[in-house]
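Below: one structure, written as structure tokens.
Sequence lines set the chain letters: A, B, ... in the order given, protein chains first and strands last, and positions in each chain run from 1.
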Amino acid sequence: MRDTPSESLNVVGTSPSTIEATEKVTGRTVYLPDFDVPGMTHAKVLRSPLPHARLVSIDASRANALDGVICVLTREELLADPRVEAMYGYVFRDSPLVALDRVRYQGDIVAVVVAEDLQAAEEALELIDVEYEELPYVLDAEQAMEPGAPLVHDEMLPIAPELHPVDGTNICHRTTLETGDMEKGFAEADSIFEDIYEAPPVQHCALELHAVIADVRDDDMTVWTNCQAPFPLKTELERIFKRPARVIVSYVGGGFGSKSRDRIEAVVAAASNLARRPVRLVLTQEETFLGGYIRPAFKCWLKTGVKRDGTIVARQYRFITDVGGYAITGARSANNTVKVATGPYRIPNVSVECLAVYTNKPPSAPYRGLPTTQHTMAYESQLDRIARELGISPVEIRMRNLLVEGDVHVTGDLIRSSHAKECLAQTVDALGERPPPPAPGVLRGRGFSSTIKYTLTPPRSSVESKAEVALGADGVYEVRVATVNIGQGSDTTMAQIAAEALGATLANVRVVHSDTGLVPSDTSTTASRSTFHMGNAVLDAATKLRAEIIDVSSALLEEEKEALVLDGSGARVADAPERRISLAELVGAQGGPLSMFGECEVGGTYVDTEGRSYPISSTFWTFASAGADVEVSTETGEVRLTKVSSAVNVGKAINPVSVHRQIEGGLGMELGPTLFERLVWDDTGQLLTSSLLDYPLPTMSTMPEYATALVEPHFKGGPYGAKGMGEVGSVVLPAAVLNAVYDATGVLFHSVPLDPETVLRALVAVAGEAPGKPQ
Amino acid sequence: MKVELTVNGEQHSGDVEPWRTLLSVLREDLGLTGTKSYCHSGACGACTVLLDGEPASACSLLAPQVRGRAVTTIEGLTPAGKGLTPQDAPLHPIQQAYIDHWGLQCGYCTPGMVLLTKALLDANPQPTDEEIVRHMSGNICRCTGYAGILESVRAAAAAMAGAETP
Amino acid sequence: MHKFEYAQAETIDEATQLLSDESDALVIAGGTATVVLLNLGLLRPSLVVDIGGVGALHGAGEADGNYHLGALASVRALETSEQIKSRYPILAEAAAQVGSVRVRNAATVGGAIAYGEPQTDVPVALVALGASVEVVSRDGKRRVSLADFFHAPYETDLAPGELVTQVEIPPMGLRAGGCHVKFTVGSIEHKPVANVSTIVRLDAAGVCEDVRIVAGAVGPTPFIAERAAAMLRGAKPSDREIGQAARAASEGAEPIDDLRGSAWYKRRIVKVLVERGLQCAILRAKASM
């Protein structure tokens, strides 16, 4: 990675509005559901009404006979085509494109109808005759681990090498992380605390529905989708369909993790392959809940040993995530968070056990922050209980334990940038004075949380992101990146980095994004990684292009390179500005566009100045804190978040306002699962909360006052010192609220959401009233 | 059946099945894809249009229901001068405020939010924060946490108060 | 979407004719509930009768002391109308708390009544106001008190072929105050845990002459808390009496366990809302003296 300054910058560090904002406010931005391709047909998915059943027979002849129906994809057609693989998955290969022998959750894909119009497709769904033989099902991850529990999969097929299923069980992944000596650690502790925490599934509710247009031909295929990982998808489609694939992602109306790595593109492509026509599927909102894009149910056991002065000496942690009927990414998501599961603290003796378990619920998808959010909720909430028992303030106990530069993380990494204490201090400051005493019937409280977040990091050195920056005949720089614009301002971030490196302004830059036919490869737009990884790749490419332009200009102007200055209009001699060449002229003189590729290589080991070598478990760690002020009604149990603050170590904010807004967005989104969102199933595995009418989301009425702060110690290796932060607002929020409610009520809740009834029941119990009798 | 619609000041007439929603006719028949679709149950506001200047959920209206009423979509908001292409039409102060004050991120809720703001400020040019929140609360945004939207509405009110009505 | 025939009525007669000719017909006015249910495939009528253009169903005014509201009056109009705000502030207050402004613009008072959903704010307030509806069919007209109009969730006194055309509201009277309060989890646009309309009328000495307490979402129909109201009639209301009445209302309601909360919790909320409603209604009644 290049060494770059954080100061004396012209474009990086300023806060222009996003380059696509005008298009968005006028409704001109074309999202996937907004366009057609010629000859396009329409698909609808037949989904299983049962959580677990054998697929005895399926007969689509009546559906096929309906006017307007082109074909129906069932297991018969899928298995009949030797050129198409039936199973999907590049992390876990356990989901068929359509059900083969069984269905594994209510909503599982049984068949796909392709018709000339949506109306015919909808009608045809009702004409497919399916016979199911109900099987015993399991809806809870702990129950799924008990001996004798129905097995969701007979065979487990991990692809990613870090996943370890336990054969003969529903455990699709089990791993542990250990350091130090647990027995010794707990023996040294003056007090030991044990707590259990839980969090239910919720849904991301990105407003743009999942959609796919697939056009599969004999020799190649094109898939338009709103997926957050176009290149891995391309590779997987090529494996399944055995022909070159192009994946095109336009602007995406919100992702939050829900649009990464699912099988839906492969399913629609299989339908297109059968129909021999382009096929579009747009999921309904209900299907995004039923179809398997949910945050996994979570439970954990946390045991912490501390000294009298609050120093944490040992931490034992076990967590279970419910991946649902197919692992797809659920197991890896859980595994990725093992390294941060015990928090941003210096702990010499640590043991973490991670379990990812199949159940007959919809497959889980990554949800902003992954289980890092729930880990933070657990360890931060317990820490406040510990603080209270020991008579130490919550802020003080954190200050005593937070990691600082030079500490070694539980994974063996050297912490090279922390500022976690500064984040906490700024969070406390930003929250300001405690509000005045409340009215009767209302309790007020304040709570804090701190966290550590990782980013996707390869086990060995590897190039994870590539970019291209080109200068075309129109004199405009074109930045080509696979980073998906999901609303996080990625195009603008990349443009700012490129413009800075090229001495240009945003007006000289345009961005082409996430079309595998036009841009170089990247792993994914997830895990808060894009600013660092793609930003570095863009910086690399732009720096090389700048050198090339200076070289060419030097030859054309017959001047020494050192005498030249490059800006948005072209190259000129610094002290003789009339000796110049415009960017467009330069391209003309070259006879064609100039372009350079750049890359970002990460991973491997870190060697310090003394030659000591440390593993790199995370290319960068993001430290952050949040503070929350709440009001709790003793009459209704309602918790209102009145103010929330958060300070994040971002290294360098490429676009400071954009970063503030990301933090606000993360905090605001997680408010829902913290205070009222939860998916509910009945005992027969039917999802009760499938409509927005039964699933309250945060609105402007529930919005708190935000006070966000950026801590910017230049991060060596980041583009202009920047590192990622997109998820961290979500990650820190629930713990801060739980702690605020603890402060207000004296009740330490061990689960979310803190909906009014849950809170009132606890308050009533504390007051000694018998629940069940109105007082 | 024959359905007549007035959309963004233009008359449209066509043969439309009565079970088609206004949302579907706007997007598919008239190519006005600025109005978005998410929940199909009137809960999210992504499909907000103005009906005679008042906010309405296009997903919860059958196309024939809006005969004789003026429908405004986001495409109809910008004051288009004669001969200007859509790309060149100046922005409404509300749109400019949303850009300047980060009232959007992914942009999907934005057409609905902008029209909802227009209805508010046309009826109440100097709303209090409480009035803004109550009015805007029915439209969902997943990205911004709403702070940027509130600031944009305040800024739009100030801009419109200081300028002539477009 | 399910396919259906569609007819637009211009007059009440046309509407009732269409409804009597086709038994499997659905009336739509604003469409906030009906079109959503059509979208979700939960309603599959063979004929949709659009009464949105029936001019005779608009309009409002006074006649023989009572206030008459056309069935097509929008909830938004109830919220903003100066007439309603001055005559029946509780109705404007209830209307203001319905859903989002998009919903309030389209939803009609006739639609809210005919839909028969036990938690809708406007019918709850109208029951508290002692309102009645005019129902018209091919065979004639009849008048039904709203207190008797709701039989079960989504089941009203309307027979096939009948249409709600008008709501008639008696005056609130002197020294009367009303209050509509509602409690929702999350944001106010969502389905409520409970809502309560309270009307108190005082005599010149400040004694409760009449009290009406109606709770929505806590029973199969809007629950008229008669026992609770009776506790306050003839007395000068004190905190103790208010508390007792609230408790009685909470015990008399019949909420069920559902996604909004358990029956236990809903009863707690009824008690809280009745207390708040009574305190507020009494203050407003006093203020009008």
Side-chain angles (χ1 to χ4, degrees), chain A residues 15 17-18 20-31 33-36 118-119 204-209 251-256 282 284-286 485-489 657-658 660-669 671 691-693 695 697-706 729, chain B residues 17 19 24 27-28 32-46 73-75 77-78 86-87 89 91-92 94-114 132-150:
Chain A
S15 301
S17 306
T18 58
E20 73 268 11
T22 302
E23 299 288 305
K24 285 178 173 173
V25 294
T26 53
R28 295 203 296 260
T29 303
V30 178
Y31 301 85
D34 298 334
F35 69 88
D36 294 350
L118 212 48
Q119 189 74 30
H204 319 57
C205 299
L207 288 190
E208 187 209 13
L209 295 163
Y251 293 90
V252 174
F256 316 113
V282 180
T284 64
Q285 172 264 312
E286 204 179 25
N485 187 333
I486 48 176
Q488 83 285 51
V657 174
S658 176
H660 279 285
R661 298 303 186 179
Q662 276 295 294
I663 302 172
E664 284 173 2
L667 295 165
M669 183 176 177
L671 182 153
S691 149
L692 228 51
L693 298 171
Y695 187 82
L697 287 173
T699 65
M700 202 186 273
S701 304
T702 56
M703 179 185 84
E705 188 191 331
Y706 298 100
Chain B
E17 291 121 333
W19 52 84
S24 139
R27 288 178 54 82
E28 291 159 41
L32 296 168
T33 57
T35 309
K36 303 306 180 193
S37 164
Y38 174 63
C39 76
H40 276 292
S41 47
C44 71
T73 69
I74 187 69
E75 291 90 345
L77 182 68
T78 48
Q87 262 74 8
L91 292 179
H92 193 284
I94 295 173
Q95 291 169 316
Q96 192 60 54
Y98 271 76
I99 294 173
D100 296 339
H101 295 271
W102 296 77
L104 69 145
Q105 288 182 22
C106 83
Y108 218 70
C109 73
T110 308
M113 289 290 182
V114 167
I132 295 175
V133 171
R134 181 69 187 102
H135 182 91
M136 301 298 293
S137 177
N139 277 33
I140 304 289
C141 170
R142 299 300 287 147
C143 299
T144 65
Y146 301 103
I149 296 175
L150 176 59

Heavy atoms, side chains only, cut-off 4.5 Å: are [X] and [Y] in contact?
X	Y	result
B:T33	A:V30	no
B:R142	A:M669	yes
A:T284	B:H40	no

Where do [X] and [Y] come nearest, in terms of heavy atoms and distance?
X	Y	result
A:P33	B:R27	O-NH2, 2.9 Å
B:K36	A:T29	NZ-O, 4.0 Å
B:I140	A:P698	CD1-O, 4.0 Å
A:A206	B:Y38	O-CE1, 3.3 Å
A:I486	B:C106	O-CB, 3.4 Å
A:L207	B:A46	CD1-CB, 4.5 Å

Can you name the residues that form a ring-ring contact (aromatic ring centres under 6.0 Å, His included) with B:Y108, not counting sequence neighbours?
->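 For B:Y108 the ring-ring contact (aromatic ring centres under 6.0 Å, His included) partners, ignoring immediate neighbours, are A:Y31.
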
Which residue, A:Q488, A:Q662, A:R661, forms the side-chain hydrogen bond (donor to acceptor under 3.5 Å, both in side chains) with B:Q105?
->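 For B:Q105, the side-chain hydrogen bond (donor to acceptor under 3.5 Å, both in side chains) test succeeds with only one of A:Q488, A:Q662, A:R661, which is A:Q662.
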
Tell me, side chain or backbone of A:S701 under 4.5 Å from chain B's heavy atoms, or both, or neither?
-> both

Below 4.5 Å from any heavy atom of chain A, which atoms of B:I94 appear? Answer side chain, backbone, both or neither.
-> neither

Could you tell me which portion of B:T144 (side chain, backbone, both or neither) has an atom closer than 4.5 angstrom to a non-hydrogen atom of chain A?
->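 For B:T144, backbone heavy atoms alone lie under 4.5 Å from chain A.
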
Most contacts with chain A, counted as non-hydrogen pairs under 4.5 angstrom, among B:I132, B:V133, B:T110 =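 Maximum pair count with chain A is reached by B:V133.
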
Would you mind telling me which of B:C143, B:C141, B:C44 has the largest number of heavy-atom pairs within less than 4.5 Å of chain A?
->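 Among B:C143, B:C141, B:C44, the one with the most close pairs to chain A is B:C143.
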
Any chance you could lay out the side chain to side chain contact (heavy atoms under 4.5 Å, CB included) test for B:I99 and A:K24, step after step, and finish with the verdict?
-> CA-CA 9 Å; B:I99 294 173; A:K24 285 178 173 173; over 6 Å; no

